[in-house]
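Worksheet for the structure shown next.
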Amino acid sequence: MRIAAFNVENLFQRARALNQDDWLDKPGRDPSRWSAGRKALDAHARLNALLRKTVYTKADKAVIVKHLVELGLQKSDESSLVILRKNRGTLLKRTKTGIEIVANGRDEWIGWLELKMEAVNEIATQNTARVLRDVDADVVVVVEAEDRISLTRFNEQVLEVVGGRRYDHIMLLDGNDDRGIDVGLISRAPFAVDMLRTHIDDRSGKNRIFSRDCPEFHLRLPSGEGLVVLANHFKSKGFGTPAESNAKRRAQARRVREIYDGLRAQGIAHIAILGDLNDTPDSDPLSPLLRDSSDLKDISEHPLFESDGRPGTYANGTKSNKIDFLLLSPALFAKVTRGGVSRQGVWGGTHGTLWPILPEMKFAYQAASDHAAIWADLDI
């Protein structure tokens, strides 16, 4: 069987803030260098967290106003990138001198801050399908898909049009990210999902651990053996301070390791952890998975892995862009017969290489993704 992971970067709709052309390939630590989209995502996350507080202090209200101004909401509830939704009660009052927060806490109003969506380029969606067609995996962890309905429509209406084979099973649960970038799994018969266990509500103190989810997909194989796939998309470096982002990814890696160790303790030998972990193999945040007495190994470490000379999986494929992983338990690693990275359809960045999947693919907005697909063949 062939198993793969691919960050599709949405299929039909994507948050406009994520689609900005001036998005930095390598986000700097200096927020003044961030693109408009990156700044909006940072303000959006921080403002929604503040708005969920039971009580708004004077300091909270000042920061709320600051973020509203950053998002272009001084004069109305809608800007080019976000919408302030208000169902009941009143959050704020706009005057000639500025914005005044009149609500004293969460109980005095009902509403939220929502990112505006826009259509993904049709050619890009078709190129995403072409990548999946060419990789032709039996089981695929899909990262950054909007929802199960979109994934189903993509499978039924786009994949076959470009000559791909349709998948029989589509599984995706809405996760913790309100930007419509969830993780799911698609598979073909006879590789069926017997059980799905979600970790959406796993917490460290009061905070949810996973940015999206870490779903466990328990698959039944034709041989009668079982395979557990853990699908992941860790916290990005795109917004928030480096310290906050690193701590979040480390907590996520630690929890995935706990889940993995628990499955091994139950006698489950065949376990794969796939997805976009948003950090490099030598990073401290990923050490609970890749070091710290871990027996997991990435497909790129296998002697039968077919390297193209570029160690990374994102953009230009440099060492610092190795952020997508296909980690295998020892029993699975022993069953590898091939492995590789498919870069077709990847946009390599402003000054990077373009790996066109069709001759006419010439622009970033036509790219299937900024991420390569990573795959492994298993004799199981």
Side-chain angles (χ1 to χ4, degrees), residues 1-7 135 137-143 183-185 187 197 199 202 209-219 221 225-235 249-266 268-307 311-314 319 321-342 371-380:
M1 67 172 289
R2 175 169 289 188
I3 187 169
F6 185 34
N7 186 326
V135 172
D138 301 291
V139 175
V140 183
V141 165
V142 177
V143 179
V183 291
L185 182 139
S187 66
R197 178 181 290 124
H199 290 278
D202 288 10
I209 294 173
F210 292 109
S211 307
R212 269 61 64 168
D213 189 7
C214 173
E216 295 178 33
F217 297 100
H218 292 246
L219 280 72
L221 306 180
E225 296 180 284
L227 168 64
V228 178
V229 174
L230 303 181
N232 277 279
H233 184 195
F234 284 4
K235 169 74 174 71
R249 280 192 303 283
R250 185 173 178 84
Q252 291 168 345
R254 186 167 53 243
R255 179 59 184 138
V256 174
R257 173 68 182 275
E258 291 170 354
I259 295 168
Y260 170 76
D261 288 345
L263 292 168
R264 290 293 305 277
Q266 295 172 35
I268 299 173
H270 299 140
I271 305 169
I273 300 171
L274 296 89
D276 176 359
L277 304 189
N278 268 316
D279 221 329
T280 54
D282 59 353
S283 67
D284 177 70
L286 298 191
S287 60
L289 277 178
L290 304 181
R291 294 183 295 282
D292 296 356
S293 302
S294 174
D295 60 11
L296 287 159
K297 289 188 177 180
D298 187 61
I299 184 60
S300 62
E301 301 176 62
H302 201 281
L304 296 177
F305 179 78
E306 300 169 4
S307 173
T313 58
Y314 174 76
K319 184 179 179 181
N321 282 330
K322 164 60 175 168
I323 61 175
D324 300 275
F325 293 82
L326 201 164
L327 304 176
L328 301 170
S329 61
L332 272 188
F333 198 75
K335 294 180 181 291
V336 170
T337 59
R338 285 181 72 198
V341 170
S342 175
H371 294 254
I374 186 167
W375 56 271
D377 289 345
L378 305 171
D379 184 16
I380 185 171

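Just so you know, these numbers use all the heavy atoms, side chains as well, and skip hydrogens, waters and symmetry mates.
We find that Asp379 and Lys335 are not joined by a salt bridge, their nearest charged nitrogen and carboxylate oxygen being 4.0 Å or further apart. For the pair Asp282 and Arg291, the salt-bridge criterion is not met [side-chain N within less than 4.0 Å of a carboxylate O]. In summary, Arg255 and Asp202 engage in a salt bridge, as defined by a charged side-chain N under 4.0 Å from a carboxylate O. Looking at Arg254 and Asp292, no side-chain N of the basic residue comes within less than 4.0 Å of a carboxylate O on the acidic one, giving no salt bridge.
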query: Given Leu230 and Phe217, is the side chain to side chain contact (heavy atoms under 4.5 Å, CB included) satisfied, shown in steps?
result: CA-CA 6 Å; Leu230 303 181; Phe217 297 100; over 6 Å; no

task: Show your reasoning for whether side chain to side chain contact (heavy atoms under 4.5 Å, CB included) applies to Leu378 and Leu332.
output: CA-CA 7 Å; Leu378 305 171; Leu332 272 188; 3.9 Å; yes

- request: Please lay out, stage by stage, how Ser187 and Val140 fare under the test side chain to side chain contact (heavy atoms under 4.5 Å, CB included).
  value: CA-CA 6 Å; Ser187 66; Val140 183; over 6 Å; no

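Taking CD1 of Ile259 as the start and CD1 of Ile273 as the end, the distance is 8.5 Å to the nearest 0.5 Å. The line from OG of Ser211 to CD of Gln252 is 4.0 Å long, rounded to the nearest 0.5 Å.
Between Trp375 and Ile3 there is no side-chain heavy-atom pair separated by less than 4.5 Å. The closest side-chain heavy-atom distance from Leu277 to Arg249 is not below 4.5 Å. At a threshold of 4.5 Å between non-hydrogen side-chain atoms, the residues Phe234 and Val256 count as touching.
In this structure, a donor-acceptor pair under 3.5 Å is absent between the side chains of Asn278 and Tyr314. Judged purely by distance below 3.5 Å, without hydrogens or angles, the side chains of Ser283 and Arg250 never pair a donor atom with an acceptor atom.
The six-membered or imidazole ring of Phe333 lies near that of His302, with a centre-to-centre distance under 6.0 Å.
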